[in-house]
Amino acid sequence: MQRFFYNLSIRLMIPGFYLASLFHAKARKWVEGRKSLPSLPPAAGKTAWFHCASVGEFEQARPVLEAFREKYPGWRIVLTFFSPSGYELRKQYDQADYVLYMPADTPAKARQFLDAIRPDLVFWVKYEFWYHHLAELRRRGIPAILFSAIFRPDQIFFKSNGGFYREILECFTHLFVQNRQSQELLKTIGFENVTTLGDTRFDRVLEIAEQARTIEIAERFAAGRRVLIGGSLWPEDWEVLREADLPGQGIRLILAPHEINPAQIRKWMTETPYRAVRYSETTPETVADADILWIDNVGMLASLYRYGQYAFIGGGYKDGLHNILEAAVWGMPVFFGNKKYRKFQEALDLLEAGSAHAVADARAFRQIFDELSAPGDRLAREAQISRDYVREQRGATAAILAWTETHLMNKHWQKD
């Protein structure tokens with residue numbers, strides 16, 4: 001019965017996207033990207049398939065993919081996305097030989113897609129549980145690894161009526177999870193092919209920090225002043241920052257919206273009495289007198305955190321917390337909304353350690369911010385907690401490749 005309802009949901013999802021595509025650009029891209037299956041030439045060697053849902057999962061896949069490419073240069077790499085957001089941002093990614101949309105999860109589409117890409121080894125990231133693709137991989141005897149996964153007691157896998165969904169997990173050769181709780185939960189339903197490694201994003205954010213570029217406009221803007229960086233902000237996050245009135249206390253703000261909408265940024269710029277400028281419309285010379293610098297491009301945020309002493313990360317009031325590790329790696333306390341953060345292990349860890357703060361509103365945010373900014377060593381202590389936490393969690397990428405080498409490469413294939 002569960003399989004019936006799963007297949008029904010897929011059948012309804014597809015026409016739903018077609019209908020939505022008449023009105024929404026993102027849905028239109030989802031449909032257009034799946035109109036035809038890829039036609040790939042035969043690979044000279046083996047093929048590894050990496051699959052991510054969207055942008056955030058790609059950041060988890062990236063360190064593993066790039067380390068795999070370096071270690072096994074003879075392998076062809078196919079990278080797929082479910083979401084147009086991920087595909088559009090990374091369709092020119094040069095470390096993959098092919099960047100594609102994953103087809104809708106039907107038996108026929110799964111067979112056709114695997115016939116087209118002919119994978120020998122598969123890596124999926126975090127939350128992707130598409131039954132027909134995974135079942136077809138298992139039927140063909142193709143090893144599939146899930147990594148950076150995280151499980152919670154309220155998920156269907158652990159309920160008495162979750163038999164069909166446990167079948168999906170059985171399709172994975174091995175599961176690498178982020179925390180011990182996930183491993184223990186999986187043991188309760190009979191899964192022993194599990195290793196706790198943490199999150200590969202730690203490796204990624206450390207790599208980004210080591211390679212961070214200098215951004216002259218931001219450097220001039222921040223020079224000699226205290227700065228808060230707002231990353232991936234939704235309207236709810238901006239409302240908290242606006243009401244907190246940090247520029248009135250001499251704090252400068254570098255703010256990056258979740259979506260770059262020029263009309264929205266212009267509106268937000270008028271909602272405070274302080275001098276606000278857009279990155280694209282200023283220079284290192286003219287930005288020095290501004291109070292708020294709005295970032296109206298994509299791809300710069302991870303490097304911008306280096307110019308701040310505090311961070312406010314968006315999504316905590318809306319659809320789910322965005323990447324707090326990109327800020328924490330630079331050594332700073334992080335703030336976020338108190339509604340949608342509990343699925344993120346790093347947020348829970350930093351809250352417990354004392355360098356993260358889930359705030360309900362502007363008043364709660366301002367109270368903690370003022371305590372951090374008061375004389376004393378609290379700001380420095382929290383900064384060090386964040387910095388140390390990220391560095392202590394590194395190593396998941398190397399461990400995944402080591403397991404793959406030992407359990408798969410040495411048994412099934414020679415290095416190409």
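All residue numbers refer to positions in the sequence shown, counting from 1.
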**Item:** Worked check of side chain to side chain contact (heavy atoms under 4.5 Å, CB included) between V122 and I145
**Value:** CA-CA 6 Å; V122 175; I145 294 169; over 6 Å; no

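- Under the 6.0 Å cut-off for aromatic ring centres, F369 and Y310 qualify, their centroids lying closer than that.
- Counting only distance, with no hydrogens or angles, the side chain of N323 and the backbone of G56 share no donor-acceptor pair below 3.5 Å.
- With sequence neighbours excluded, the residues satisfying side chain to side chain donor-acceptor pair (under 3.5 Å) with W49 are T80.
- Paired with Y101 under the rule ring pair (Phe, Tyr, Trp, His ring centres under 6.0 Å), one option of F81, F82, Y87 passes, and it is Y87.
- Within the 3.5 Å criterion, the main-chain N or O of R152 finds a donor-acceptor partner in the side chain of Q155.
- Residues passing the side chain to side chain donor-acceptor pair (under 3.5 Å) test with Y341: none are found, sequence neighbours excluded.
- Side-chain N or O atoms of R111 include none that pairs as donor or acceptor with a backbone N or O of K109 at under 3.5 Å.
- The ring pair (Phe, Tyr, Trp, His ring centres under 6.0 Å) test applied to Y389 returns F202, not counting sequence neighbours.
- Between P119 and I142 the shortest heavy-atom distance is O-CD1, 3.4 Å.
- With contacts defined as side-chain heavy-atom distances shorter than 4.5 Å, the pair V177/F147 does not qualify.
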Fill in: salt bridge (Lys or Arg N to Asp or Glu O under 4.0 Å) evaluation trace for D115 with R140
CA-CA 11 Å; D115 287 343; R140 299 183 185 207; 2.9 Å; yes

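- A salt bridge links R201 to E346: one of the charged nitrogens lies within less than 4.0 Å of a carboxylate oxygen.
- Nearest heavy atom pair, residue Y307 against residue I229, reads C-CD1, 4.3 Å.
- Checked by atom type, the side-chain pair H322/W234 shows a donor-acceptor distance below 3.5 Å.
- Between the side chains of H133 and D105, at least one donor N or O sits under 3.5 Å from an acceptor N or O.
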Are R139 and E136 close enough, and set up right, to give a salt bridge (Lys or Arg N to Asp or Glu O under 4.0 Å), and what steps lead you there? CA-CA 5 Å; R139 189 184 71 79; E136 187 63 22; 2.5 Å; yes

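- Under the 3.5 Å distance criterion, the side-chain polar atoms of T406 are matched with a main-chain donor or acceptor of A402.
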Exercise for review: Please test R394 against E210 for salt bridge (Lys or Arg N to Asp or Glu O under 4.0 Å), starting from the C-alpha separation and ending with a verdict.
Suggested key: CA-CA 13 Å; R394 73 192 315 164; E210 290 165 2; 3.6 Å; yes

Exercise for review: May I have the step-by-step check of ring pair (Phe, Tyr, Trp, His ring centres under 6.0 Å) for F164 and Y131, ending in yes or no?
Suggested key: CA-CA 9 Å; F164 167 72; Y131 173 74; 4.8 Å; yes

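- Minimum interatomic distance between R342 and L348 (heavy atoms only, all atoms of both residues): O-CD1, 3.6 Å.
- Sorted by first and then second residue, the salt bridge (Lys or Arg N to Asp or Glu O under 4.0 Å) pairs involving residues 354-371 (not counting sequence neighbours) are R366-D370, E371-R378.
- There is a side-chain donor-acceptor pair under 3.5 Å between E128 and W130.
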Side chain to side chain contact (heavy atoms under 4.5 Å, CB included) between F336 and L351, intermediate numbers included: CA-CA 11 Å; F336 44 81; L351 282 166; 4.0 Å; yes

Item checked: Audit row: L228, L246, side chain to side chain contact (heavy atoms under 4.5 Å, CB included) steps and yes/no -> CA-CA 9 Å; L228 178 139; L246 296 185; 4.0 Å; yes

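- Within the 4.5 Å cutoff, the side chain of L293 has heavy atoms near those of the T282 side chain.
- Formation of a donor-acceptor pair under 3.5 Å by the D203 side chain with backbone atoms of G395 is found in this model.
- Heavy-atom neighbours of E281 CD from other residues, nucleotides or ligands within 6.0 Å: above the threshold of 12.
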Requested in this report: Show your working on side chain to side chain contact (heavy atoms under 4.5 Å, CB included) between T214 and E219 and close with a plain yes or no.
Outcome: CA-CA 8 Å; T214 299; E219 194 169 76; 3.6 Å; yes

Under the side chain to side chain donor-acceptor pair (under 3.5 Å) criterion, do E271 and W238 qualify, and how do the steps go? CA-CA 10 Å; E271 291 178 347; W238 163 238; 2.8 Å; yes

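- Side-chain contact check for L146 versus K126: every heavy-atom pair is 4.5 Å or farther apart.
- Looking at heavy atoms from C-beta onward, K340 lies out of side-chain contact with K318 at the 4.5 angstrom threshold.
- Side-chain contact between Y305 and I313 is present, with at least one heavy-atom pair separated by less than 4.5 Å.
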Exercise for review: Mind running salt bridge (Lys or Arg N to Asp or Glu O under 4.0 Å) on E170 and R166 for me, showing each step along the way?
Suggested key: CA-CA 6 Å; E170 289 170 0; R166 289 191 283 274; over 6 Å; no

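- For R76 against D97, the heavy-atom pair with the smallest separation is CA-OD2, 3.3 Å.
- Checking R180 against Q183 by side-chain atom types alone, a donor-acceptor pair falls below 3.5 Å.
- Remark: side-chain polar atoms of D237 are paired, donor with acceptor, to backbone N or O of G315 under 3.5 angstrom.
- No donor-acceptor contact under 3.5 angstrom links the side chains of T397 and T200, judged on distance only.
- Taking both residues in full, the closest heavy atoms of S355 and I385 are given as OG-CG2, 3.5 Å, listed atom of the first, atom of the second, then distance.
- The minimum heavy-atom distance between T195 and H174, with the atom names listed, is OG1-NE2, 2.7 Å.
- Side-chain atoms of R391 come within 3.5 Å of backbone atoms of V329 as a donor-acceptor pair (strictly under, hydrogens ignored).
- Side chain to side chain, D199 and Q60 meet the donor-acceptor criterion of an N or O pair below 3.5 Å.
- Side-chain contact between D291 and L253: absent, with no pair of heavy atoms (C-beta onward) separated by less than 4.5 Å.
- Judged purely by atom type and a 3.5 angstrom limit, R69 uses its side chain to pair as donor or acceptor with the backbone of W75.
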Kindly list each side-chain donor-acceptor pair under 3.5 angstrom involving residues 184-193, sequence neighbours excluded, with atom names and distances?
from, atom 1, to, atom 2, distance (Å)
T188, OG1, L185, O, 2.4
N193, ND2, F172, O, 3.2
N193, ND2, T173, O, 3.1

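- Looking at Q178, its side chain never comes within 3.5 Å of a backbone N or O of I150 through a donor-acceptor pair.
- Looking at heavy atoms from C-beta onward, E259 lies out of side-chain contact with S232 at the 4.5 angstrom threshold.
- The number of heavy-atom neighbours closer than 6.0 Å to CD of Q211, taken from other residues, nucleotides and ligands shown, is above 12.
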Problem set entry | Test log, rule ring pair (Phe, Tyr, Trp, His ring centres under 6.0 Å), inputs F129 and W124 | CA-CA 9 Å; F129 303 114; W124 281 20; 8.5 Å; no

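- Checked against salt bridge (charged side-chain N to carboxylate O under 4.0 Å, His left out), R226 has no partners two or more places apart in sequence or in another chain.
- Looking at S83, its side chain never comes within 3.5 Å of a backbone N or O of S54 through a donor-acceptor pair.
- Proximity of I265 to R278: side-chain heavy atoms (C-beta onward) are separated by under 4.5 Å at one or more points.
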